[in-house]
Amino acid sequence: MQKNENKFTSSLSLKLNGILLLICFIVLGTSSVYLTQMLDRQIDQKIESSTNSIIDSLTIAVHIDTSNHSLSRVVSTLVANSDTHHLSIIANDTQVIVADNNHSFIGQQTKDVFTVAEQQLLIEHLENSSSNMKIENSLLLKVAKINLIDNNIMRLRPHTVLFSYDITPLKLAEEQELYSLLVVSFGAIAMIMFLVNLTHRYVLLSPLSILINTIKMQKETDGLLLSKLTSNDELGILSEEYNQLIQVNAQKEQELRGMLKYVDSITDAVPVSLAYIDKNQQYRFVNKKYRRWFNVSIDDFSGETIPIRLKNKVNDVIQSNIEQALAGQLVEFEIQIPLFDGSKKDVNITYTPHFNDESQVLGIFVCIDDMSKTKESEHQLAAYAQEIEFNNWALEDEKEKAVEASKAKSQFLASMSHEIRTPMNGVIGMLGLLSGGTLTSEQQHRVDVAHGSAHSLLSLINDILDFSKVDAGKMDLESIDFDLRKMLGDFSESMGLQVQEKGVELVLDIAEIDESLIKGDSNRLRQILTNIVSNAAKFTNDGEVVIQVVLTNEGDENCRLDFRVSDTGIGIPKNSISTLFDSFSQVDASTTRKFGGTGLGLAIAKKLCQLMGGDIEVTSLENEGSHFSFHVILQISSASTKIIPPVALDKVNLLVVDDNASNRAALNSQLTHWGANVVTATGGVEAIKMCEERIKDANGSLFDMILIDMEMDDMDGIQLGKELNSDPRFKTVKLILMTPMNYKGGAQYITELGFSGYFPKPTTTLDLFSALSLMNKAEITQTEKYTGTEKVLAITGNTSSVVNNEPSQESRLIIKSSVTIDRSLIDPPHNRDLENLRVLLVEDNKVNRMVAKGLLNKFGITSIDFAINGYAAIDLLKESQNNLPYSIILMDCQMPEMDGYEASRNIREGNAGESNKYLPIIAMTANAMSGDKEKCLSAGMTDYLSKPIVPEQFLKMLKLWGIDKKAANYSVD
Ligand code: ADP
């Protein structure tokens, strides 16, 4: 660098001084030439002026005296007074010398005395007047014309004057002058060069070298080194510019370093190995992870060729992929690469080409993703998948076994159901038949006990079967339209006796039900209610059992039914509540327990609630009572209408007299809901007081009807009725007595007491409708039908009658003299229409045949043929075509040789005769599992009765299909 700098310095100096020197020499050379010429010209002028003065002198001298003597004297004088070396006057025509400073030449011919050069010049002059001068051996020869008077002829004659001068002294003077001029010029140039060089050094080169030194030192140091050069000239500006430049550069460098650090930390932080390889396959960048993997130190990776790091360690795949990427393709592949520590890694490598603006590949970005964990997970997953597959096989196996077990369980349930029901049918049927005979009272009592026990056993079996069915997921719910109010009324009536016999009040509060028809499984709903209310009845010894039901329309046809069954019984200990709904759970499970039961009722209720989209819960306080709340989700039937009472109640004044607050509240809310003006009284005395107040009050109107509870403490209902009836002021008031269910006073007695009618508690919708319709109002002239019920209330003016189509229930509303009660269907269930029925009973079990026959006889049917299997039945049917045809077939399902299903299919196909093809076939089977009914119907049977046979249902079935002949289209699968 030192050498370079010297070169540079000398070179710059050389350049600057060289030019100057060259200029100086050019000026010097030019001046010398000019000076020489000038001096030559001065010599010429000097000679010229000397010549001219000689000629002038000659001319003047000749004018005065043209003698040769005078002429010679003049010539000699002129030569003496000038630098003329030789002066001669020659006559042109003769070439004779007329005068000459050398007197010896006068009169002689020129050719004889003159030098060759003089003669030549003379001749040239005479021939060509332009040539008049010549230099010969430091002598300058010159000729000139002159006219002189020829004394001989006295006329002017042309002559030539020849001069010869020695120019040597002139030349010497000229050279001296020139030399001194050159010496002076060289001195001046040297001085100028010195000064200029000095100026260059101090003004230019020294500051420049300061700047150069600063730059040099800057290169060797990391810090910022500024130039100290300050001046106002260009060098000062250069220094300042330099300082600014390095400051900007330092800042940029700092930013760049920051950026690099940032990029480095990113690339080091990423969980992948990154590198950049240039087109010569040399590393230009690697991140931390890459360095760690391949043991490349930050210093020695750069310029490292790939083969050393990868190719040798892996294989040709890498190399060929790199070449592919360098050819401009994006390459991605998975490979297992060995690392420097000898381990191997599954990696995913991506080579992304780096293109410049001309789409040439400059290098490739390398991204190596560690796939070991993924691969490991994949292996694990594969292992898991395999394990799962094994487990699945095992599970499949287990499942198959479970399905088998479930099938076996279902089969066991079905056969148990069948096998138990068959003898139970015999036991209950026979006991039923026995009790209709002539028995002593003790025998009758024993039969009753046996009958009761058989029913308990049956309900126990039903419970167990139900629970098993729900548990096995075999419980299918029906979805049939039913009258919720009627169902609840029927249910509470069925429970009424059991509750009231213990002196406990049963209250039904259903004011919040406005829909007439609900769609769902009413039997299962009733089963839930039965389980809960019968518990309430069982565990309550005094007080009340209240059933409250609220229907909420949830939109989309769905409705929610909320039930609350509250009792004032023994309550449930806190610690038993959590397990109360578990199967076989009883608070008192000791052998000495007071209350019977299986511990299944609540478990079944809960499962049924859940099956219906609801749930059940309980709150209870020991010795205070329990509150069971449950809800189910059902649907509102598309045929449902709003419940409206049979008479408009908006102007009707009603009084409810009952000492039971719950009943009072239930009646009050229901009647108020329907629009009546209702007041309540807690007893007889209060009621009379209220009536009297109404009489006294001029604005008050008397009650149209008073509903009176029979059993009240202060004054019972009968007494109150008597008193009101005996008072003529209350003649117009209709009195309705609410009796206990087991009240045996008789309709006659009650009407005589002055009551318009009575109904037993708990109060049902039908009871209220029937009672309300008794009001002697002008607007009560229409015929109302309580939708969905089988009770028809017909009202014409003051005459009313109630007809109950239900064979099991007595119509309980008695209306003064106009009352008629149709008891024909109640007891005994004998019907004249049935006497003509001819029945074919297909049954293999002897006892069951006896039971069925006994019942049929009881209904008045005596024409009965028996077949012990399907074949025998078909034979009898064929025969009957020619004799007496059958009216109805009662078909058992499970029979030897040909069962009921096959027999039915045969009959429907006409194999028992064309005329028997459409005979009603009623299945009478102990197969009471879910799907059994459908199975019978799809085999072509008309209807279905499960054993043990309930006489009422049996009778209904006979009437429906035997007499009404409802049989329509049969389809046989
Ligand atoms: P069980 O057939 O024994 O009545 P449940 O499942 O119906 O079976 O009832 C289980 C137990 O719950 C009963 O044994 C009784 O201890 C308790 N229990 C149920 N309802 C009531 C109630 N209303 N009051 C008091 N205890 C009740």
Side-chain angles (χ1 to χ4, degrees), residues 462-463 465-495 506-537 545-567 577 580-583 585 600-620 626-643 666 762 764-765 788-789 930:
N462 282 339
D463 267 4
L465 288 176
D466 276 348
F467 182 79
S468 307
K469 264 200 260 181
V470 179
D471 210 33
K474 297 273 171 194
M475 177 73 82
D476 293 328
L477 295 179
E478 284 184 329
S479 183
I480 302 171
D481 286 0
F482 68 97
D483 183 340
L484 179 62
R485 275 181 172 261
K486 180 176 184 296
M487 187 277 266
L488 292 169
D490 292 351
F491 168 73
S492 46
E493 279 172 352
S494 71
M495 296 301 298
L506 178 65
V507 180
L508 178 65
D509 180 357
I510 50 174
E512 300 286 322
I513 298 176
D514 279 332
E515 294 291 339
S516 64
L517 283 180
I518 298 299
K519 199 171 189 174
D521 194 329
S522 65
N523 290 329
R524 293 301 170 192
L525 191 58
R526 190 171 170 147
Q527 189 174 357
I528 302 171
L529 269 172
T530 308
N531 289 359
I532 290 164
V533 177
S534 59
N535 275 343
V545 173
V546 182
I547 305 168
Q548 273 177 307
V549 189
V550 175
L551 183 150
T552 315
N553 191 335
E554 299 217 306
D556 288 345
E557 294 180 356
N558 279 343
C559 64
R560 177 183 162 124
L561 292 180
D562 280 284
F563 294 81
R564 185 176 162 88
V565 179
S566 313
D567 66 53
I577 285 188
L580 203 66
F581 295 101
D582 294 351
S583 48
S585 148
L600 278 177
L602 290 180
I604 293 173
K606 185 175 173 83
K607 282 188 188 283
L608 287 175
C609 281
Q610 287 170 340
L611 267 181
M612 292 190 204
D615 211 344
I616 187 167
E617 57 188 34
V618 62
T619 55
S620 183
S626 310
H627 304 278
F628 282 85
S629 305
F630 66 94
H631 75 273
V632 293
I633 306 293
L634 300 182
Q635 284 179 308
I636 293 173
S637 163
S638 54
S640 176
T641 54
K642 291 279 166 216
I643 301 278
T764 66
T765 309
T789 69
S930 115

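In what follows, every heavy atom counts, from backbone to side chain, and hydrogens, waters and symmetry copies are set aside. Residue numbers run from 1 in the order of the sequence given.
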key: Evaluation steps, side chain to side chain donor-acceptor pair (under 3.5 Å), between His627 and Thr619   = CA-CA 5 Å; His627 304 278; Thr619 55; 5.1 Å; no
key: Any Phe630 side-chain heavy atom under 4.5 Å of Val618 side chain   = no
key: Minimal non-hydrogen separation, Ile518 against Cys559, with atom names   = CD1-SG, 4.1 Å
Derivation and outcome, side chain to side chain contact (heavy atoms under 4.5 Å, CB included), residues Val565 and Val546 = CA-CA 6 Å; Val565 179; Val546 182; over 6 Å; no
message = One pair to check against side chain to side chain contact (heavy atoms under 4.5 Å, CB included): Leu551 and Glu512. What are the steps and the verdict?
response = CA-CA 6 Å; Leu551 183 150; Glu512 300 286 322; over 6 Å; no
Any side-chain heavy-atom pair of Ile513 and Val549 under 4.5 Å = yes
query = Within a reach of under 6.0 Å around CD of Glu554, are more than 12 heavy atoms found that belong to other residues, nucleotides or ligands?
reply = yes
key: OG1 on Thr641 to CD1 on Ile643, rounded to 0.5 Å   = 6.0 Å
query = Would you call Met487 and Asp490 a side-chain contact if the rule is heavy atoms closer than 4.5 Å?
reply = no
inquiry  = For the CG atom of Leu580 and the CD atom of Glu617, what is their distance to the nearest 0.5 Å?
reply    = 12.5 Å
query = Within a strict 4.5 Å, meaning less than it, do heavy atoms of the Phe563 and Val632 side chains meet?
reply = yes
ask   = Got a second to check how far Cys609's SG is from Arg524's CZ, nearest 0.5 Å?
value = 13.0 Å
task = Quick one: closest heavy-atom pair of Asn558 and Asn553, and the distance?
result = O-OD1, 3.4 Å
query = Within the side chain of Ser640, is there an N or O that forms a donor-acceptor pair under 3.5 Å with the backbone of Glu515?
reply = no
inquiry  = I need the minimum non-hydrogen distance between Leu506 and Ser492, along with the two atoms involved.
reply    = CD2-O, 3.3 Å
message = Rounded to the nearest 0.5 Å, what separates atom CG in Leu602 from atom CD1 in Ile616?
response = 6.0 Å
key: Side-chain heavy-atom pair Asp567, Asn535 within 4.5 angstrom cut-off   = no
query = Checking Asp521 side chain against Leu477 main chain: does a donor-acceptor pair fall under 3.5 Å?
reply = no
message = Can you classify the ring geometry of Phe581 versus Phe628 as parallel (below 30°), tilted (30 to 60°) or perpendicular (above 60°)?
response = perpendicular
ask   = Do Arg560 and Asp562 meet the salt-bridge criterion of a basic N to acidic O distance under 4.0 Å?
value = yes
query = Do side-chain atoms of Asp509 reach the backbone of Gln548 as a donor and acceptor pair under 3.5 angstrom?
reply = no
ask   = Does any non-hydrogen side-chain atom of Leu561 lie less than 4.5 Å from one of Leu525?
value = yes
inquiry  = For a quick test of reading the model, state the closest non-hydrogen atom pair linking Leu508 to Ala666 and the distance between them.
reply    = O-CB, 4.0 Å
key: Ser637 side chain vs Ala639 backbone, donor-acceptor pair below 3.5 Å   = yes
ask   = Given side chains that start at C-beta, do those of Leu517 and Ile636 come closer than 4.5 Å, heavy atoms only?
value = no
query = Leu634 and Lys519: which non-hydrogen atoms are nearest, and at how many Å?
reply = CB-O, 3.5 Å
Approximate separation, where rounding is to 0.5 Å, of Lys642 NZ and Ser516 OG = 9.0 Å
query = Are side-chain heavy atoms of Thr765 and Asp483 found at a separation under 4.5 Å?
reply = no
note = One should read off an interatomic distance between Lys606 NZ and Ile532 CD1, to the nearest 0.5 angstrom, of 11.0 Å
key: Minimal non-hydrogen separation, Gly613 against His631, with atom names   = O-NE2, 4.0 Å
